[in-house]
Amino acid sequence: MNLWRKMRRSDWVFPTVLLSLYGFFANCRPAEPFLTPYLVGPKNISEEVVTNYLFPIWTYSYLSLLCPVFLLTDLLRYKPLIVTQGLFLVTNYIILCFANSLPALTYLQFNFAMVTSTEVAYFSYIYSVIPPERYQRATGYVRSAMLAGYTFGATLGQMLISLANTSYFHVNTVTLSLMVVALCISLSLPMPQHGVFFKKKQVEVSVDMMNEVADGGFSSALKKEVTGRCCSCEHIKTSGKQMWESLKESYSSRRLVQWSLWWALATAGYGQVFNYVQLMWDHIEPSSTSSVYNGGVEAVSALVGAAAAFSVGYIQVQWGVWGELSLGVFSAIGAGCVFLMGLTNSIWLSYAGYAIFKASYMFLITITMFQIAVNLSMECYALTFGLNSFVALTLQTILTAIVVDNTALGLDIATQFLVYGGYYSIISVLFLVQGLYTVCRHFCTSTNTEGLSAIMEDQQKSDTSGKQETQSSSSPQNKEHSALQAYTETAL
């Protein structure tokens, strides 16, 4: 009890602990790695319907919800959206447990789109309730809790399936109970006092009006005035202007634009692979006739990806020089892994390819987020994160509409992965070319700078040894020396 009271009195420990607990339970979903086997098996939905009809609905719904949810998140001050996410998580697994009709499973995709679109509230909440000097530690705790929940859930699901021989239905009921716990925790989160952009304005009330209220008169008029001032159009315009200024600051740097471009392109491809990899595994080795190890693979992939992301903090690299080349090289590795998953008939090779692909993506996205965030304020980072996610989702929707949807190509799952591998190959070529250009330019500039420095040193020696040259301030040698110095300073 004393520890609980101390946490509640803290300005950052109590909300961080609650949000970390929510993140753990909300991401602890033992049934998620087995969604496709559950739909294709007990729910008796064909692989073609799941691939070309059901899953695209989630992508389209997610795109339509992301922008309004992003704006409402800040306007409603985060907590209501986190509670909404918890509520939709509960209804998601109620539908999975008890609904069997195709219309109900179609609505399920929209329901899950609400869950994913409200993740922005989870990532942004902590910055509105704790002081800035605690941002780094709190962010680490919250993200670690999410990863721990995801890994534990995947491991628990695999153990229930493989060791306890539990049915998919009962694994979903276990997940449902965990989502109820997450919903209860979300209700306990403290309410932030303001958002990042839509902040409360100070309402000035005159002394005369305070006296009138004290006398019992004109209270309704005062309430109208206060409400009018707080919800005025001017307030909304000011918030919109602040968002526009933050947006211009975020994309004013060419380097930040390049990092954001990779974020959007690569995340779109990663989203497609992540969404359809279970169907790929079921195609290689049908779950109805063989053992399924999806949960174990997801757990291992999460741990390997976390280790790769964690290693970023200990790598001493001049990212301004080598960053683009690194994006190109690891994107090429990812492309190779996706091609492997699309071409192999071995489930274990496909598992290994997915683990390497996910680890390389998490490694690069960690570097990208760090490079974007390190030079921006938190307001700009939140907006950049939202816009990059929106662009990525738009690209993912285009891929889904062309490659997956039955109204367009409607490709089979193996051909889809070959397309995704080609998509990642294009990304790798773009950044390899740009990265090689950046590295060559850096070393050429360094070589020229070293040569100019040597010339300057020789010139300085000749200037000090020759008395006649030092006496004439307008001599050609001094002019050349000044030009060299100015050029060197510019190059540096």
Would you list the pairs meeting salt bridge (charged side-chain N to carboxylate O under 4.0 Å, His left out) in which at least one residue belongs to residues 13-37, sequence neighbours left out?
->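 Applying salt bridge (charged side-chain N to carboxylate O under 4.0 Å, His left out) to every pair that reaches into residues 13-37, excluding sequence neighbours, yields Arg29-Glu32.
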Selection residues 384-406 - residue pairs positive for salt bridge (charged side-chain N to carboxylate O under 4.0 Å, His left out), sequence neighbours left out =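 Passing the test, one end in residues 384-406: no pairs.
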Is [Y] close to [X] at the side-chain level, that is, under 4.5 Å between some pair of heavy atoms?
X: Pro30; Y: Leu178; value: yes
X: Val273; Y: Met341; value: yes
X: Thr175; Y: Leu96; value: no
X: Phe390; Y: Cys67; value: yes
X: Val142; Y: Tyr122; value: yes
X: Ser331; Y: Leu364; value: yes
X: Pro190; Y: Tyr125; value: yes
X: Ser425; Y: Phe339; value: yes

When the aromatic ring centroids of Tyr423 and Tyr420 are compared, is their separation below 6.0 Å?
->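 They do not qualify: ring centres at least 6.0 Å apart.
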Determine whether the aromatic ring centres of Tyr351 and Tyr293 lie less than 6.0 Å apart.
->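 Aromatic pair excluded; centres sit 6.0 Å or further apart.
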Given 3.5 Å as the limit, does a donor-acceptor pair link the side chain of [X] with the main chain of [Y], or not?
X: Thr344; Y: Leu340; value: no
X: Asn111; Y: Tyr107; value: no
X: Asn27; Y: Gly23; value: yes
X: Thr118; Y: Val115; value: yes
X: Lys43; Y: Ala99; value: yes
X: Gln416; Y: Leu411; value: yes
X: Gln278; Y: Leu35; value: yes
X: Asn52; Y: Asn406; value: no
X: Thr151; Y: Ala148; value: no
X: Thr51; Y: Glu48; value: no

Examine the side chains of [X] and [Y] and answer whether a donor and an acceptor come within less than 3.5 Å of each other.
X: Thr415; Y: Asp412; result: yes
X: Trp281; Y: Ser350; result: yes
X: Trp263; Y: Ser389; result: no
X: Tyr354; Y: Glu298; result: yes
X: Gln272; Y: Gln396; result: yes
X: Tyr22; Y: Ser188; result: no

So how far is it from [X] [atom1] to [Y] [atom2], rounded to the nearest 0.5 Å?
X: Leu265; Y: Ser260; atom1: CG; atom2: OG; value: 10.5 Å
X: Trp262; Y: Asn388; atom1: CH2; atom2: CG; value: 11.0 Å
X: Thr36; Y: Asp282; atom1: OG1; atom2: CG; value: 7.0 Å
X: Leu432; Y: Ile427; atom1: CG; atom2: CD1; value: 11.5 Å
X: Ile95; Y: Leu108; atom1: CD1; atom2: CG; value: 5.5 Å
X: Tyr62; Y: Gln109; atom1: OH; atom2: CD; value: 14.0 Å

Ile333 and Phe330: CA distance, side-chain angles, deciding distance, side-chain contact (heavy atoms from CB on, under 4.5 Å) verdict | CA-CA 5 Å; Ile333 294 173; Phe330 282 96; 4.0 Å; yes
Which atom pair, heavy atoms only, marks the closest approach of [X] to [Y]?
X: Ala392; Y: Ala268; result: O-CB, 3.3 Å
X: Gly334; Y: Ser360; result: CA-OG, 4.3 Å
X: Gln158; Y: Asn294; result: OE1-N, 3.4 Å
X: Ala335; Y: Gly421; result: CB-O, 3.7 Å
X: Phe55; Y: Asn275; result: CE2-O, 3.5 Å
X: Ala359; Y: Val304; result: CB-CG1, 3.5 Å

Only one of Leu89, Leu18, Val83 forms a side chain to side chain contact (heavy atoms under 4.5 Å, CB included) with Ser186, so which one is it?
->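 Going through the options one by one, the only one that passes is Val83.
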Applying side chain to side chain contact (heavy atoms under 4.5 Å, CB included) between Ile402 and each of Leu399, Ile398, Thr400, Val404, report the one that passes.
->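 Answer to the side chain to side chain contact (heavy atoms under 4.5 Å, CB included) test with Ile402 among Leu399, Ile398, Thr400, Val404: Ile398.
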Decide side chain to side chain donor-acceptor pair (under 3.5 Å) for Ser287 and Tyr38; before the verdict, give the C-alpha distance in whole Å, the side-chain angles of both, and the deciding distance to 0.1 Å.
-> CA-CA 9 Å; Ser287 57; Tyr38 183 50; over 6 Å; no
Give the C-alpha distance, both sets of side-chain angles, the deciding distance and a yes or no for side-chain contact (heavy atoms from CB on, under 4.5 Å) between Leu325 and Thr438.
-> CA-CA 8 Å; Leu325 191 61; Thr438 301; over 6 Å; no
Please report the C-alpha distance between Tyr437 and Gln434 in whole Å, then the side-chain angles of each, then the deciding distance to 0.1 Å, and finally whether the side-chain contact (heavy atoms from CB on, under 4.5 Å) criterion is met.
-> CA-CA 5 Å; Tyr437 170 76; Gln434 181 63 32; 4.0 Å; yes
Relative to the ring of Tyr424, is the ring of Phe357 parallel (under 30°), tilted (30 to 60°) or perpendicular (over 60°)?
->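 It falls in the perpendicular class, over 60°.
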Test side-chain contact (heavy atoms from CB on, under 4.5 Å) on Ile365 and Tyr270 and set out the steps.
-> CA-CA 11 Å; Ile365 198 66; Tyr270 172 79; over 6 Å; no
